[in-house]
Amino acid sequence: MHQEYTVIEGDFVNAGKASSSVKKTLKQLNVNPQVLKRVVVALYEAEVNAIAHAYGGKVLVDIDADKIKMVVADKGPGIPDIAWAMEEGHSTARPEVRDMGFGAGMGLPNMQKNVDKLNVTSEVGVGTTVEMEVNFH
Amino acid sequence: MTIQDIVAKLGATVALGEERMDMEVEHAFASDLMSDVLTLKDTPVLVTGLCNVQTIRTCDMASLEVVVFVRNKRPTEDMIELAEDNDMVLICSQYSMFKTCGLLWELGMKPLY
Ligand SMILES: Nc1ncnc2c1ncn2[C@@H]1O[C@H](COP(=O)(O)OP(=O)(O)O)[C@@H](O)[C@H]1O
Ligand SMILES: [Mg+2]
């Protein structure tokens, strides 16, 4: 099953719509609640990042019988130092991001903790792609 | 204890979920930082001063069902609508974060960590 969502820069009101919709789908598929929570928490953090730190982008989701693959691909500005960004507590979040309850530099580390596979690639001036995979069993 | 016990102890108002007052709860977690809430393995009552749509989304993702807003913060219509979709309970405490937590502690609510 393939799903696609568009996320828009600065659109905090709709941040989480993609994750919420994926949650509904996985519920219908009777995915274990603990696994479901890991999936949606990781996707939500990635979605918030595309809205908060980037110029928006796309969320692509592929679900099969034993796993879910999620790709959050944005349109830039890119991450100059991915290793720095992956460290807990590291953040460049603007005040409005902090007002939303984010911006403590916990997003990428939390994605890492929740998914079975995480791959972050980025090119400055082009964009960032976050690929995540979670096995259902 | 039940949500009713919490509401009584705090002299709080219920913004959503009046029909779930007999739900049993045991643990609470207090934070304004949604990234922190997203690291929880359990599903406690959330005590928070952050009152916006992201609070409700975060609870949806983290499978939290009960939120206590402190300092008389009132959820907006948008928030209530979203929370309704997720069968949540929203409570408004007139007290500060510190006092609200103190009263819940007195009531016997347990910390997660
Ligand atoms: N999609 C993205 N585009 C550009 N920069 C990003 C993106 N995602 C993360 N970053 C950078 O990595 C930092 C850490 O991200 P994260 O761990 O999610 O914490 P936070 O969002 O709280 O800052 C961000 O502050 C930002 O500098
Ligand atoms: Mg983040």
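A note on names: the letters A, B, ... follow the listed sequences, proteins ahead of strands, and every chain is numbered from 1. This one's a predicted model, so the numbers in the text were calculated from it and none came from an experiment.
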Highest number of heavy-atom pairs under 4.5 Å with chain B among A:Ala15, A:Ser19, A:Gly103 belongs to A:Ala15
Polar side chain donor-acceptor pair, B:Thr39 to A:Asn110, under 3.5 angstrom:
no
Honestly, the part of B:Asn86 sitting under 4.5 Å from a heavy atom of chain A is neither
Under 4.5 Å between side-chain heavy atoms, counting indirect links through other Ile/Leu/Val/Met/Phe/Trp/Tyr residues: same cluster for B:Val68 and B:Phe29 or not?
no
Around B:Glu81, counting heavy atoms of other residues, nucleotides and ligands shown, do more than 12 lie under 6.0 Å from its CD?
no
Select one option (side chain, backbone, both, neither) describing which atoms of B:Thr55 are under 4.5 Å from chain A's heavy atoms.
neither
CZ/B:Arg57 to CE/A:Met100 distance, rounded to the nearest 0.5 angstrom?
12.5 Å
Heavy atoms from other residues, nucleotides or ligands near NZ of A:Lys69 exceed 12 (cutoff 6.0 Å)
no
Below 4.5 Å from any heavy atom of chain B, which atoms of A:Lys17 appear? Answer side chain, backbone, both or neither.
both
Under the 3.5 angstrom rule, does the side chain of B:Gln54 hit a backbone N or O of A:Gly101 as a donor-acceptor pair?
no
Per-residue tally against chain A (heavy atom, under 4.5 Å) across B:Asp32, B:Leu33, B:Val53 peaks at B:Leu33
Return the NZ to NZ distance between A:Lys113 and B:Lys41, rounded to the nearest 0.5 Å.
7.5 Å
Honestly curious: do B:Leu46 and B:Tyr113 fall in one hydrophobic cluster under the side-chain, below-4.5 Å linking rule?
yes
Got a sec: does the CH2 of B:Trp105 have more than 12 other heavy atoms crowding it under 6.0 Å?
no
Under 3.5 Å: donor-acceptor pair, side chain of A:Lys37, backbone of B:Met61
no
With a 4.5 Å limit on heavy-atom distance, are the side chains of A:Met106 and B:Leu38 in contact?
no
NZ/A:Lys23 to OG/B:Ser63 distance, rounded to the nearest 0.5 angstrom?
4.5 Å
Could you measure the distance from the OG atom of A:Ser20 to the CG atom of B:Asp85? Nearest 0.5 Å is fine.
8.0 Å
Do other residues, nucleotides or ligands put more than 12 heavy atoms under 6.0 Å from B:Glu77 CD?
no
Taking all non-hydrogen atoms of both residues, which atom of B:Asn52 and which atom of A:Asp99 are closest, and how far apart?
ND2-O, 3.4 Å
Give a yes or no on whether B:Leu40 and A:Leu108 share a hydrophobic cluster (residues Ile, Leu, Val, Met, Phe, Trp, Tyr; joining criterion: side-chain heavy atoms under 4.5 Å apart).
yes
Cluster overlap B:Ile91 with B:Ile56, hydrophobic side-chain contacts below 4.5 Å:
no
Please indicate whether A:Arg94 has more than 12 foreign heavy atoms, meaning atoms of other residues, nucleotides or ligands, lying under 6.0 Å from its CZ.
yes
